[in-house]
> 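Structure incoming, see below.
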Amino acid sequence: MKLQCVSLWLLGTILMLCSVDNHGLRRCLISTDMDHIEDSFQEIKRAIQAKDTFPNVTILSTLETLQIIKPLDVCCVTKNLLAFYVDRVFKDHQEPNPKILRKISSIANSFLYMQKTLRQCQEQRQCHCRQEVTNVTRVIHDNYDQLEVRSAAVKSLGELDIFLAWIAKNHEVTSSA
């Protein structure tokens with residue numbers, strides 16, 4: 001009887017640990033107000049996209065590229081794309097309209113907060129980056145580099161809704177509001 005109880009306990013513990021480990025590798029909890037980010041973007045989307053001089057070009061290399069990402073790689077892709085927007089797009093974009101600039105700054109601050117969350121996941125070894133994922137984000141950087149810096153920043157800001165929709169689909173999001 002004791003042997004059977006110990007066996008069941010070990011089996012249950014192993015199953016629980018595997019479940020927790022797989023869930024942790026697949027997703028990290030993003031604690032931010034995604035509705036606020038999406039609302040901020042929707043308020044400026046038309047103005048940003050009106051400045052886009054290359055309507056037939058895409059930086060995020062089509063939604064299909066993001067849709068083929070495996071659950072194991074969601075954290076890494078998110079981390080890399082947040083870094084892309086924070087380190088390149090937001091810094092390269094020059095916005096003369098103060099209202100639009102405030103919205104972009106609000107989105108950038110939210111992205112910085114999400115980066116901090118994902119950095120903690122990475123420190124807990126829950127956000128591993130495989131070579132295939134690095135290649136996907138390299139394609140996005142290459143697409144960006146093919147355009148003049150200001151045009152690329154405008155194009156990437158105009159495509160922000162693609163990234164936001166992908167985050168909403170692939171991450172567990174809790175509101176920090």
Side-chain angles (χ1 to χ4, degrees), residues 23-52 54-55 57-124 126-127 129 133 136-137 140-141 143-144 147 149-177:
H23 181 71
L25 286 171
R26 206 174 102 238
R27 298 177 187 222
C28 285
L29 193 63
I30 294 180
S31 178
T32 194
D33 188 354
M34 289 301 294
D35 290 333
H36 173 73
I37 297 170
E38 289 170 6
D39 290 346
S40 293
F41 175 69
Q42 289 303 320
E43 290 179 34
I44 63 171
K45 179 179 178 178
R46 185 170 299 167
I48 294 292
Q49 289 180 344
K51 296 177 187 177
D52 184 357
F54 299 98
V57 175
T58 182
I59 300 290
L60 289 184
S61 126
T62 73
L63 190 54
E64 291 85 41
T65 302
L66 292 175
Q67 289 180 348
I68 64 168
I69 300 300
K70 296 176 182 171
L72 176 69
D73 300 321
V74 166
C75 178
C76 179
V77 171
T78 306
K79 179 183 72 69
N80 290 347
L81 288 178
L82 287 170
F84 167 73
Y85 272 95
V86 169
D87 298 338
R88 297 193 74 185
V89 177
F90 297 137
K91 287 183 180 177
D92 290 344
H93 183 69
Q94 297 178 353
E95 181 56 55
N97 183 323
K99 181 181 178 188
I100 294 174
L101 185 59
R102 278 193 300 277
K103 295 294 181 184
I104 292 171
S105 293
S106 175
I107 295 168
N109 287 334
S110 295
F111 278 24
L112 285 168
Y113 184 78
M114 285 191 277
Q115 275 186 309
K116 179 182 172 188
T117 301
L118 293 180
R119 214 172 291 122
Q120 291 168 347
C121 287
Q122 193 167 23
E123 289 168 3
Q124 297 168 2
Q126 295 179 342
C127 190
C129 290
V133 176
V136 168
T137 53
I140 293 169
H141 282 274
N143 291 344
Y144 189 90
L147 296 175
V149 172
R150 288 183 184 171
S151 297
V154 167
K155 171 61 75 179
S156 297
L157 279 173
E159 294 180 353
L160 192 57
D161 55 342
I162 296 170
F163 181 42
L164 295 176
W166 186 81
I167 289 174
K169 178 183 174 193
N170 288 284
H171 278 277
E172 293 180 20
V173 179
T174 63
S175 177
S176 63

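No experiment lies behind these values; they were computed from the predicted model shown.
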> Ignoring hydrogens and geometry, is there a side-chain-to-backbone donor-acceptor pair from Asn170 to Trp166 under 3.5 Å?
yes
> Any idea which heavy atoms bring Val86 and Ala108 closest together, and the distance?
CG2-O, 4.5 Å
> In Å, rounded to the nearest 0.5 Å, how long is the span from CD of Glu159 to CD1 of Ile48?
12.5 Å
> How about Phe163 and Ile140: do any of their side-chain heavy atoms sit closer than 4.5 Å?
no
> Closest heavy-atom contact between Thr58 and Asn143?
O-ND2, 3.8 Å
> Does any part of the side chain of Cys75, heavy atoms only, come nearer than 4.5 Å to the side chain of Leu118, both counted from C-beta?
yes
> Which one of Arg46, Arg150, Lys155 satisfies the salt bridge (Lys or Arg N to Asp or Glu O under 4.0 Å) criterion with Asp52?
Lys155
> Between Gln115 and Ala83, what is the shortest heavy-atom contact and its length?
NE2-CA, 3.3 Å
> Provide the closest heavy-atom pair for Ile59 versus Phe84 in the form atom of the first, atom of the second, distance.
CG2-CZ, 3.8 Å
> What's the spacing between Lys45 NZ and Glu38 CD if we round to 0.5 Å?
11.0 Å
> Could you tell me whether a side-chain N or O of Glu95 sits under 3.5 Å from a main-chain N or O of Ile100, the two making a donor and an acceptor?
no
> Between Ser156 and His93, do the side chains contain an N or O donor and an N or O acceptor separated by less than 3.5 Å?
no
> Quick one: closest heavy-atom pair of Gly158 and Gln49, and the distance?
O-NE2, 2.7 Å
> Any non-hydrogen side-chain atom of Met114 less than 4.5 Å from a side-chain atom of Ile37?
yes
> Salt bridge or not between Glu43 and Arg102? Use side-chain N to carboxylate O under 4.0 Å.
no
> Would you compute the distance between atom OG1 of Thr117 and atom CG of Leu112 and round it to the nearest 0.5 angstrom?
11.0 Å
> Which heavy atom of His36 sits nearest a heavy atom of Ser106, and at what distance?
NE2-OG, 2.9 Å
> Rounded to the nearest 0.5 Å, what's the gap from NZ on Lys103 to CG on Asp39? Could you check?
8.0 Å
> For the residue pair Val89 and Tyr144, establish whether any side-chain heavy-atom pair is separated by less than 4.5 Å.
yes
> To the nearest 0.5 Å, what is the distance between CG on Asn109 and CD1 on Ile104?
12.0 Å
> At what distance, to the nearest 0.5 angstrom, does CD1 of Ile167 lie from CD1 of Ile162?
12.5 Å
> Below 30° counts as parallel, above 60° as perpendicular, anything between as tilted: where do the rings of Phe90 and Tyr85 land?
tilted
